[in-house]
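Scroll down for the structure; my scribbles are underneath it.
Every chain is numbered from 1, with letters handed out A, B, ... down the list of sequences.
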Amino acid sequence: MPTADITSSLVDSGMPRLSSTQIAASLITAPATSHVPDSVGHFGPYGGVYVPETLMIAVHQLAQEYERARQDPSFARQLAFYLADFAGRPTPLYFARRLTEMAGGARIYLKREDLAHTGAHKINNTLGQGLLTLRMKKKRVIAETGAGQHGVATATAAAAFGLSCDVYMGAEDIRRQSLNVFRMKLLGARVISVETGAKTLKDATNEAMRDWMGSVEHTHYIIGSVVGPHPFPKIVRDFQSVIGTETKRQALETLHRLPDAIVACVGGGSNAAGMFYPFVDDPAVKLIGVEAGGRGNNAGQHAASLTFGQPGVLHGSLSYVLQNQDGQTADVHSVSAGLDYPGVGPEHSYWKDTGRVKYATVSDAQALEAFGILARTEGIIPALESAHAVAFAITQARSMAKDKILVINLSGRGDKDCMEVARLTGADLTLTATTPA
Amino acid sequence: MGVLVQQTMPNQSQCLMDLFSISCQASIIPRMNSVINNSFIRSRQLGQALLCPFVTAGYPNLDVGPELLLAMQAAGSGCIELGIPFSDPIADGPVIQDSYRLALEAGTTVDRALAMVKQARTAGVTVPILAMASYSIIFKLGCREFAAACLDSGINGLVLPDLPMEEAPAAVAVIQDCGLGTSLLVAPTTSVERRKSIGDLCDAFVYYVSVSGITGERKVLPENMAENLRELKEHTGKPVCVGFGISTAPQVRSLRKAADGIIVGSAIIRRIREELARPRPYVPRAVGDFIADLSAGLKDQVPK
């Protein structure tokens, strides 16, 4: 059929899609590869650059500087030094013995990103982008933050490198994450409250981009996840890939084999991208991303872009997004501020369509339960984001044989969430100990 | 391949084929959108720049829209830029962003905004109307479907604020094929090579962003603007409209020789907001009076 031939050849040659229905009609048939994105930032049909012309000079400059940095051994040495001596890497791959016993299936290992400096994986990216900022001779960095972890990590890198730092944060998130706001201020950053929209991560991202449009000459925008216009999704994935690279090496060294399954939570998707990317070309390793299922499956009750969304354009790239029928960004909800985002990185969309990564959801209630379980069984309080991965992993491990290995990317620690969890569970913080009966 | 054949709907194959043949044509025949271009030619013959005020569709509500557009036309607008409200406009400052939010909260949808344009045409609005729409909206609705619906409503062109030349060619080809004009943005930092390529994608006008940053009023515009505009016209061979930051009659006056069109946005939205704060507000008159002031600055002789 000539029509089909022409269509498929256009699809294969990466012809840009012009509507979400066209994407659905052109599901990628080739297996996923690690050789993405192309030179203009496309992961299959996803990614790209959808930003005002004012920002093009900045994204071009960043792409060029990043390529130069990648080929400069001194950059790699510098980054390795800061990751080791400042951030405390490598983080352990820890056997969760009691959690494994409780689940009663596969052996569960935790990749301890919660032990990285500032308490989450976010520092891997901010140190890398902080060093890029120095290379570009810019004096100021800005960032958006949801849970505050990326804001803290940016403020930390800025302090370490002597850069001035402004962090945009939704007013609702400021309320939920007051401890992190205080930490950022201690680190010398200015926290700017964003009062627009739902006052969460999406709105903070808008404001950071607006700031950058007027300040590109002297300011670098340290985006916190694998989202945004090219080259951000690639840069953040690369800097976060230290997680997966270490995990692979540690598994081979201590277990003498690769894991059978790896589970990571997905909001924008940076910890999952960093963990999964080094395993993309190892088809025997099952990769599972866990999205925020929130309170239910109806629009506005969750933040599961890959599970319930459709291809669309948000924050500079084409990816799965949660939008209404007019392309307006939908309201989202998650108990975890870091997952409360209506989009996801374009590489995850690519992985979803190729089938390389499977995506599931975990509800607020399940995440809260897992938060408590990990604390009691392992003595580790996980971030609410990571608790989504823990919840799914317990079920997944149970369905696997006891000689199998499952790795959870424990992306962050949960100290920041304790107040919010106490509020949600109705705990009385004035009682400091349980009174004996 | 097998999966592809099964899942490809006939109309989508057709669409991709159209796209293919249009891309071929577009590269051979440079063209201008006649409706919009004629307005520029007429105003040039009068020795004037075209005043292109911006309003948000559905702000303060859709009911007042036709009357508002009529008042803008009567006050001397040569062209009207109509913002299709979007939940996450990156290029826009707080004033326009807020108007988008309020318009959406008041129930504005793309369908309703286009129905309002249709009413305005029936009511006697004849100047070209360009819709400014985020690519998020265009992509979601389907480029061809959206463009066709715009044309049907009486819209003459699209301003594409977040579609850089890297991603634009296929969409621009479809939009132009539907009979709508296209206008893409050039920034002060855009290189000469990019300016030429962007110019090739514009068949309505080239939208020159006067200042780095978001939309919104500026007290002082860059000094070298006239020179920049002249160069840009030379490089692109297209009419150039200037926007972002322009809010006063003296600013409009200072640009009337160098630019083919002058876009005023946030200042008008702010007038609407001020009017709404008054007892018994009448938005069409308030906007009309303001545009008449700006428009007077375009004439060589300032009336006494």
Side-chain angles (χ1 to χ4, degrees), chain A residues 1 3-8 10-12 15-22 24-27 29 40-41 48-59 196-197 202-203 205-206 209-211 213-217 229-230 310-316 318 321 323-330, chain B residues 1 3-5 7-10 12-17 19-20 85-94 97-98 101 104 109-111 134-145 161-167 169-171 174 184-187 189-191 194 198 209 211-214:
Chain A
M1 259 174 67
T3 308
D5 284 343
I6 289 170
T7 309
S8 56
L10 285 175
V11 168
D12 289 346
M15 193 74 188
R17 277 63 172 185
L18 295 168
S19 77
S20 49
T21 47
Q22 282 174 358
S26 64
L27 278 178
T29 46
V40 283
V49 185
Y50 298 89
V51 293
E53 177 65 17
T54 318
L55 282 181
M56 290 307 296
I57 190 165
V59 295
T196 53
K202 161 192 88 103
D203 311 288
T205 307
N206 290 338
M209 285 204 180
R210 288 193 186 104
D211 179 313
M213 281 185 62
S215 64
V216 287
E217 272 174 53
H230 175 69
Q310 283 185 336
V313 175
L314 177 67
H315 291 149
L318 174 56
V321 291
Q323 292 178 330
N324 74 5
Q325 70 288 347
D326 260 4
Q328 311 289 350
T329 309
Chain B
M1 187 78 79
V3 175
L4 254 170
V5 174
Q7 295 196 344
T8 304
M9 302 292 286
Q12 281 156 352
S13 334
Q14 191 56 48
C15 188
L16 282 168
M17 281 179 73
L19 199 58
F20 184 69
F86 177 51
S87 54
D88 297 271
I90 297 168
D92 287 301
Q97 190 195 356
D98 205 44
R101 180 180 62 81
L104 290 172
T109 61
V110 171
D111 280 352
S134 167
Y135 193 62
S136 299
I137 294 173
I138 298 173
F139 181 85
K140 179 69 180 179
L141 295 175
C143 195
R144 183 170 290 279
E145 291 77 359
D162 51 9
L163 195 61
M165 52 174 270
E166 281 77 1
E167 308 286 350
V174 168
L184 276 74
L185 275 56
V186 163
T189 47
T190 305
S191 68
R194 282 183 74 82
I198 294 169
V209 176
V211 287
S212 289
I214 54 180

Under 4.5 Å to a heavy atom of chain A? For B:Leu104 that would be side chain
When the 4.5 angstrom heavy-atom criterion is applied to B:Pro164 and chain A, the contacting part is both
Given A:Pro229, A:Gly327, A:Gly316, the one with more heavy-atom pairs under 4.5 angstrom with chain B than any other is A:Gly327
Do the side chains of B:Lys140 and B:Glu145 get close enough for a salt bridge, i.e. N-O under 4.0 angstrom? no
Shortest non-hydrogen pair, B:Ile137 vs A:Gln328, comes out as CD1-NE2, 3.9 Å
Under 4.5 Å to a heavy atom of chain B? For A:Asn324 that would be backbone
message: Within the structure provided, determine whether A:Met56 and A:Val59 are in side-chain contact (heavy-atom separation under 4.5 Å).
response: yes
Under 4.5 Å to a heavy atom of chain A? For B:Asp98 that would be neither
Problem - B:Asp88/A:Lys202 salt bridge by N-O under 4.0 Å criterion - result: yes
Greatest number of non-hydrogen atom pairs under 4.5 angstrom with chain A, of B:Thr109, B:Leu184, B:Val209, falls to B:Thr109
Turns out that what part of A:Ser215 lies under 4.5 Å from chain B's heavy atoms comes down to neither
Bottom line for B:Pro85: the part with an atom under 4.5 Å from chain A's heavy atoms is backbone
Across all chains, not counting sequence neighbours, the side-chain contact (heavy atoms from CB on, under 4.5 Å) partners of A:Val313 are A:Tyr50, A:Leu318, B:Tyr135, B:Ser136, B:Phe139
Sequence neighbours excluded, the answer for ring-ring contact (aromatic ring centres under 6.0 Å, His included) partners of A:His315 is A:Tyr341
